[in-house]
Amino acid sequence: MPAILNRRDLLKAAAAAGLFPPKRTAGGDRARLRDLGLKLGNLEPGKHGAITDVAGVTVGHATLLSGAPPLVVGKGPVRTGVTAILPRGRLDGAACRAGTAVLNGNGEMTGALTIARTGLLRSPVFLTGTANVGVVYQAAYELLGESGKGVTDLRPVVAECWDALGDIRGRHVRAEHVREAVRVASSGPVAEGAVGGGTGMTAYEFKGGIGTSSRVVTGKSGAFTVGVIANCNMGGREQLLVSGIPVGRELRDYPGPKAAPFSSIVMVAATDAPMEGRQLARLALRLGLGLGRTGATANTSSGDLMLAFSTAPSDGSVLDDERLSSLYQAAVEATEEAVLNALAMAVDVVGADGELCPALPLDRVTAILRRHGMLR
Amino acid sequence: MIATVTHVTKDDPTGSWVGTAVYPTGVKPAALELYTVAYAGTGADMTGVQVIDEFGTMSGPIVLVPESLVGLAYDGALSLAFERDEGLAIGSGWPPVVIGLDVRRGAERMVAEDLAPLFRTPARRMPASIEVGTRFGGGAIGFAALHISDRSVEAFAIVVHDNVAEVARQVGVVVTDAQLGPRELRRLAASAHGALSPSLGAFVVAISVGDPIRYDPAQVTRRALDGLLLEVERARGLVRGASAAMVQARRAATSPGSPS
């Protein structure tokens, strides 16, 4: 390899060679911004800084990532998958209280009318690509039917974003991938970036995908955890803010994908606080404020959809509204960090058009943050 | 006639109901089209809700299936949308609007092929008033279509009775060529919902095939809207027709010697 290649040339060369996935991304080794020393917000995260910090919640990914351009519909390249979030770590149709909210409704989240009617969620939440919604819904319905016999209102919740990096029309997700995502779902750390339903997503014209975080709120009657997971496929480069710093503007010159930006984001919050459906819908709405902290403005082409659920036992106790504000704060901070974790942990992915969708260059981001006094 | 309806039952001795597709302006797989829509009632769940709530518009068919087939129907409708536009542009039929009726699943499983006629064959134009009675796995279904006024309103009601769960579900679709917006359509849907039997769990979708771009609320005269609302209110005959068809189907399903 010639010694005088600059980064842009390297990226182009990697794309041309169809190098995939790279062992070491052109954006450097991957790390969460918190691990690089950046603390976002005022509250502390839970043990794993993930939605799984809410006891009982499990997350599993089925990642379909193979093949190189050119695009051949039905063959690839395949850049898609499914992420399953199991509120109680199981599939028996047991209810969680839940609520939904919409920032811009150019998207799909199935089962929303049932949640609105009952205030309950009996299904895992599945994140996937636009073209897979029907397949994932059908597979989920059959899975739920097997393990939740006799339970009514078993409406699978499947939410989509347009995973433009791969062969969308090929609809590569199958029922077996839905079962795999459910089977491998676990508590503890959650893989982020180009995984599961986030495999083919682009955010702020960098590689996007799955990100997660959490916050712990302590009060007189004990501690509550709020965890957030997001599938990030939204925003234009110049919108990107990190801890309030216009990092995207400073990365204007950095190569980006050709695919049109400003698609969608799906955000899911879990909490162990005993909240009911209306309160959870209000909490869900606040996830949009966390997204806003990273710069996105809910474009008209965007499906910015939110859902929040509570794992607290349904014993009739409901959180006093007076305590909601601290949980809102937790949800906003966790969402901001979840979105940035998706960018920080994603690796370079070559899109179906042969263009590289680059990972966020963490060396440049940390340099910018240092210059602005946000990092030591 | 404005809309077309494709009504599919399984082509075997069980004759199970597979689904019903209402194409508000007929089947035009090559054309992009957009209409205005609103809904009322809680008797069913529906996909495509976020777009309908945000923009007050939809495209493609309204597909009614048993809850157990919603995913398959969604995928079928998505194929149709991809045929119209590979980027699923506005008006292509994305997001699919699929209404799942809360009935126990039939004894036999359906596959995508069973649903294909909903999206493949040109929809048959239904006569002004028709009743279809059929039975499915654990119950019976009645379907009625009504042409309410001269070229302005068509309504379809489907009543599903689940013998096992002893519940009935009613879904109505109202299509009009009057130039209405989401606000007026919500009133129209609520009016039609009142004509159904909400205690049994009803759900109504109301659609205007007028051009959503040309809609101007100032142009909707109160008199015209009130007239439409009254006509839809008179659609009680529709439910009676659907119910009668359902009773007929139940009788056939439970009579000795009928295929099981």
Side-chain angles (χ1 to χ4, degrees), chain A residues 71 73 100-118 126 130-145 150 152-160 162 164 167-171 173 175 178 259-260 264 266 298 300-306, chain B residues 39-57 63 65-83 85-90 92 94-100 102-105 109-112 115 119 162 164-165 167 201 203 205:
Chain A
L71 172 70
V73 174
T100 64
V102 174
L103 208 52
N104 194 73
N106 206 342
E108 173 76 272
M109 179 186 283
T110 66
L113 286 183
T114 298
I115 293 172
R117 175 168 59 83
T118 63
F126 295 94
T130 308
N132 307 319
V133 171
V135 170
V136 173
Y137 189 106
Q138 192 66 29
Y141 185 89
E142 284 164 18
L143 266 176
L144 284 163
T152 55
D153 294 323
L154 283 180
R155 302 261 157 59
V157 174
V158 186
E160 58 74 43
W162 182 254
D167 167 26
I168 292 179
R169 276 180 295 156
R171 278 181 266 186
V173 168
V178 178
S264 308
V266 177
T300 190
S301 57
S302 184
D304 292 21
L305 312 181
M306 295 87 85
Chain B
Y39 58 92
T42 57
D45 206 324
M46 178 171 74
T47 66
V49 167
Q50 289 82 16
V51 166
I52 290 173
D53 286 347
E54 185 77 40
F55 303 98
T57 57
V63 185
V65 289
E67 180 61 39
S68 59
L69 300 180
V70 167
L72 280 178
Y74 193 100
D75 205 44
L78 191 72
S79 297
L80 193 64
F82 270 128
E83 279 173 31
D85 184 86
E86 62 182 45
L88 301 182
I90 292 171
S92 64
W94 182 89
V97 176
V98 182
I99 299 172
D102 180 18
V103 291
R104 297 286 173 94
R105 75 171 81 193
R109 284 207 167 179
M110 305 280 181
V111 294
L115 278 75
F119 311 106
D162 187 330
V164 184
V167 293
F203 187 78
V205 179

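Note on naming: letters A, B, ... go to the chains in the order of the sequence lines (proteins, then strands), and numbering restarts at 1 for each one. What you see is a predicted model; the values in this text were computed from it and never measured.
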Enquirer: Looking only at heavy atoms, which two atoms of A:Arg171 and B:Asp75 are closest? And how far apart?
Expert: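 Looks like NH1-OD1, 3.0 Å.
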Enquirer: So, the side chain of A:Arg155 versus the backbone of B:Gly100: is there a donor-acceptor pair under 3.5 Å, distance only?
Expert: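 Pair absent, no side-chain N/O of A:Arg155 close to backbone of B:Gly100.
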Enquirer: Who among A:Asn132, A:Val135, A:Asn104, A:Val136 has the most heavy-atom pairs with chain B under 4.5 Å?
Expert: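 Between A:Asn132, A:Val135, A:Asn104, A:Val136, the count favours A:Asn104.
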Enquirer: About how many Å separate CZ of A:Arg117 and CZ of B:Phe203, when rounded to the nearest 0.5 Å?
Expert: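 B:Phe203 atom CZ to A:Arg117 atom CZ measures 10.5 Å (nearest 0.5 Å).
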Enquirer: Go through the atoms of B:Ala44 and report whether side chain, backbone, both or neither lie under 4.5 Å from a heavy atom of chain A.
Expert: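 Only the backbone of B:Ala44 comes within 4.5 Å of chain A.
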Enquirer: Using a cut-off of under 4.5 Å on heavy-atom pairs, state which of B:Leu72, B:Leu69, B:Val49 scores highest against chain A.
Expert: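 Looking at each option in turn, the highest pair count goes to B:Leu72.
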Enquirer: Are any non-hydrogen side-chain atoms of A:Leu113 and B:Tyr39 less than 4.5 angstrom apart?
Expert: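 Side chain of A:Leu113 against side chain of B:Tyr39, heavy atoms only: contact under 4.5 Å found.
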Enquirer: Taking A:Arg169's backbone N and O only, do any of them form a donor-acceptor pair with B:Glu86's side chain (distance below 3.5 Å, no angle check)?
Expert: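 Checked: no pair found.
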Enquirer: Between OG1 of A:Thr300 and CZ of B:Phe55, what distance do you get to the nearest 0.5 Å?
Expert: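 That separation rounds to 4.0 Å.
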Enquirer: Minimum heavy-atom separation for A:Val102 to B:Glu54, with atom names?
Expert: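 Here A:Val102 and B:Glu54 meet closest at CG1-OE1, 3.8 Å.
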Enquirer: What part of A:Ala139 gets closer than 4.5 Å to chain B, counting heavy atoms only: side chain, backbone, both or neither?
Expert: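 For A:Ala139, there is no contact with chain B at all, as no heavy atom is under 4.5 Å.
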Enquirer: Is B:Gln50 close to chain A through its backbone or its side chain, or both, or neither, when contacts mean heavy atoms under 4.5 Å?
Expert: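 Both backbone and side chain.
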Enquirer: What part of A:Thr130 is in contact with chain B, defined as an atom under 4.5 angstrom from a non-hydrogen atom: side chain, backbone, both or neither?
Expert: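 The answer is both parts of A:Thr130.
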Enquirer: For the residue pair A:Glu108 and B:Thr47, what are the closest heavy atoms and their distance?
Expert: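 It is OE2-CB, 3.5 Å.
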